[in-house]
**Q** 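Sharing a structure with you now.
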Number of protein chains: 2
Amino acid sequence: MKVSSRGEYALRALIALGLQEGNVSTIADISGQTLVPVAYLEQILLQLKMLGYLKSKRGKNGGYMLAKAPDQIVIGDVIRSLEGPLAPMGCVSITSYEACPLEGTCLLKPFWALIRDSIAQLLDQTTLAHLIERKL
Amino acid sequence: MKVSSRGEYALRALIALGLQEGNVSTIADISGQTLVPVAYLEQILLQLKMLGYLKSKRGKNGGYMLAKAPDQIVIGDVIRSLEGPLAPMGCVSITSYEACPLEGTCLLKPFWALIRDSIAQLLDQTTLAHLIERKL
DNA sequence: GATTATGTTGACTAACATACTCAGGTATCG
DNA sequence: CGATACCTGAGTATGTTAGTCAACATAATC
Ligand code: FES
Ligand code: FES
């Protein structure tokens, strides 16, 4: 049930930018705060930009900043974009369902569904603002 | 947050054996019911045996059966044995803690802990008996 | 307008994990 | 004995992860 480094790093970066309140931060700055290697962080920030969470400014005095208010950034969406579906099995995924061969009689499916609901509820009701303000 | 095929197959096999109420089943039988390839299933059943969930009988009329009552087989334990810790990050794992570099100031850790608790509570309160009897 | 600080793009790689297969070996029953 | 099972260890194809790297594009400043 591990979260990959990519997802973890993306959230660290979002938090770092969320604490900047509108100021731009360079990749190097963010790398310093998050301890993510610069070259790898570039990739991740770029992806977050394409997903609409960040915007960037090029050239001197450039950098990244949030494109949305922290309370509009839902952690569940971020994780889904970076790591794929939250559901433990395709057959109980709402966002990307995939059939199982035994699905008709399967005694596991309701159980997976329970896990999915529990995880999704938690991740979808938490925003970046909640993390930053330590209000969980 | 996916569960691997190995974990899924192990649970399918345990369910199949749980439904047999003490009778032995051959690998081929179980393979037929679970749609898991015979050679792969062999590996998994062997592992489940070494973990103490199954016992086996060799030779003619041999096969596998449960080594414990279904209500003594906790799904969380099975998953942990086959897939590693339930926690999404090492720094919030109870069974196999691993330090994070940012741990002191990290705003994510409490959130991961919440996820861990939610998953662990669900998996550790469910037994094979619950799955078989459809009582979740 | 040259310099320099920044983000952008795309390819590339080493290491590991997953999902298996396969060729034998060994115990047990009849 | 010989058939029927489980047992053991190795091997392999494919994909994923966690990065690196070189070259490029753009914007501000001197
Ligand atoms: S796990 Fe998908 S149907 Fe059983
Ligand atoms: S995620 Fe482990 S300390 Fe932040």
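Letters go in sequence order (proteins before strands), and every chain restarts at 1. Keep in mind it's a predicted model, so treat the numbers as computed, not measured.
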**Q** Using a strict 4.0 Å threshold on nitrogen-to-oxygen distance, state whether Glu103(B) and Lys109(B) make a salt bridge.
**A** yes
**Q** Does Ser4(A) or Gly59(A) map to a spot on DNA chain D nearer the 5' end, using the closest nucleotide for each?
**A**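 Checking each residue's closest nucleotide, the 5'-ward one belongs to Ser4(A).
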**Q** Mark yes or no for a side-chain to base donor-acceptor pair under 3.5 Å between Glu42(B) and dC6(D), with no hydrogen or angle criteria applied.
**A** no
**Q** Taking OP1 and OP2 of dC7(D), is either one under 4.0 Å from a side-chain nitrogen or oxygen of Ser56(B)?
**A**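 For Ser56(B), the contact criterion (side-chain N or O under 4.0 Å from OP1 or OP2 of dC7(D)) is met.
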**Q** From the list dG7(C), dT28(C), dT21(C), which nucleotide is the closest neighbour of the side chain of Thr26(A)?
**A**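 The answer is dG7(C).
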**Q** With a 4.0 Å cutoff (strictly under), does any side-chain N or O of Lys60(B) reach OP1 or OP2 of dC6(D)?
**A**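 No, because none of the side-chain N or O atoms of Lys60(B) sits under 4.0 Å from OP1 or OP2 of dC6(D).
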**Q** Heavy atoms within less than 4.0 Å of DNA chain C: which residues of residues 17-24 of chain B have one? Give them sorted by number.
**A**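 Result for residues 17-24 of chain B: none.
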**Q** Measure the distance from CG on Leu48(B) to P on dC6(D) and round it to the nearest whole Å.
**A** 14 Å
**Q** How many Å lie between CD on Gln47(A) and P on dA18(D), as a whole number?
**A** 13 Å
**Q** In terms of side-chain heavy atoms of Ala39(A), which of dT20(D), dC6(D), dC7(D) is nearest?
**A**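 Looking only at heavy atoms from C-beta outward on Ala39(A), the closest nucleotide is dT20(D).
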**Q** Tell me the interatomic distance from Arg58(B), atom CZ, to dC7(D), atom C1', rounded to whole angstroms.
**A** 5 Å
**Q** Counting C-beta onward and ignoring hydrogens, is there a side-chain heavy-atom pair between Leu123(A) and Asp77(A) closer than 4.5 Å?
**A** no
**Q** Taking for each residue the nucleotide of DNA chain D with the nearest heavy atom, is it Tyr9(A) or Ala28(B) whose nucleotide lies nearer the 5' end?
**A**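 In this pair, the answer is Ala28(B).
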**Q** Check this one for me: any side-chain N or O of Tyr40(B) less than 4.0 Å away from OP1 or OP2 of dT12(D)?
**A**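 Negative; the distance criterion is not met.
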**Q** Testing the 3.5 Å rule here: is there a donor-acceptor pair between the side chains of Gln47(A) and Arg6(A)?
**A** yes
**Q** Taking only the side-chain nitrogens and oxygens of Asn61(A), find out if one of them lies under 4.0 Å from OP1 or OP2 of dA5(C).
**A** no
**Q** With a 6.0 Å cut-off (strictly less than), is the heavy-atom count around CD of Glu98(B), excluding the residue itself, greater than 12?
**A** no
**Q** Tell me: CG of Asp29(B) to P of dT4(D), nearest whole Å?
**A**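 Checked: the CG to P distance equals 14 Å.
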**Q** Between CG of Asp29(A) and CG of Asn23(A), what distance do you get to the nearest 0.5 Å?
**A** 10.5 Å
**Q** For Lys55(B) and dC7(D), what is the distance between atoms NZ and P respectively, to the nearest whole Å?
**A**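 After rounding, the reported distance stands at 14 Å.
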**Q** Quick one: are Leu136(B) and Leu131(B) in side-chain contact, heavy atoms under 4.5 Å?
**A** yes
**Q** Among dT8(C), dC7(D), dT21(C), find the nucleotide with the atom closest to the side chain of Lys49(A).
**A**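 The answer is dT8(C), which lies nearest to the side chain.
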**Q** With rounding to the nearest 0.5 Å, note down the distance linking CE in Met1(B) to OG in Ser93(A).
**A**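 One finds 12.5 Å between CE of Met1(B) and OG of Ser93(A).
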**Q** Does a side-chain N or O from Ser5(A) land closer than 4.0 Å to OP1 or OP2 of dT17(D), or not?
**A** no
**Q** Rounding to an integer number of Å, can you tell me how far Leu46(A) CG sits from dG19(D) P?
**A** 17 Å
**Q** Out of curiosity, Leu14(A) CG to Leu54(A) CG, how far, rounded to the nearest 0.5 Å?
**A** 5.5 Å
**Q** Roughly how many Å is it from OH in Tyr64(B) to C1' in dT28(C), rounded to a whole number?
**A** 15 Å
**Q** Counting only distance, no hydrogens or angles, is the base of dT21(C) paired donor-acceptor with the side chain of Gln43(B) under 3.5 Å?
**A**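 Looking at the base of dT21(C), it does pair with a donor or acceptor on the side chain of Gln43(B) (distance under 3.5 Å).
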**Q** With respect to the phosphate group of dT18(C), does any side-chain polar atom (N or O) of Lys2(B) fall under 4.0 Å of OP1 or OP2?
**A**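 It does not, given that no N or O in the side chain of Lys2(B) lies less than 4.0 Å from OP1 or OP2 of dT18(C).
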**Q** Whole angstrom is fine here: how far is it from CG in Leu45(A) over to P in dG19(D)?
**A** 14 Å
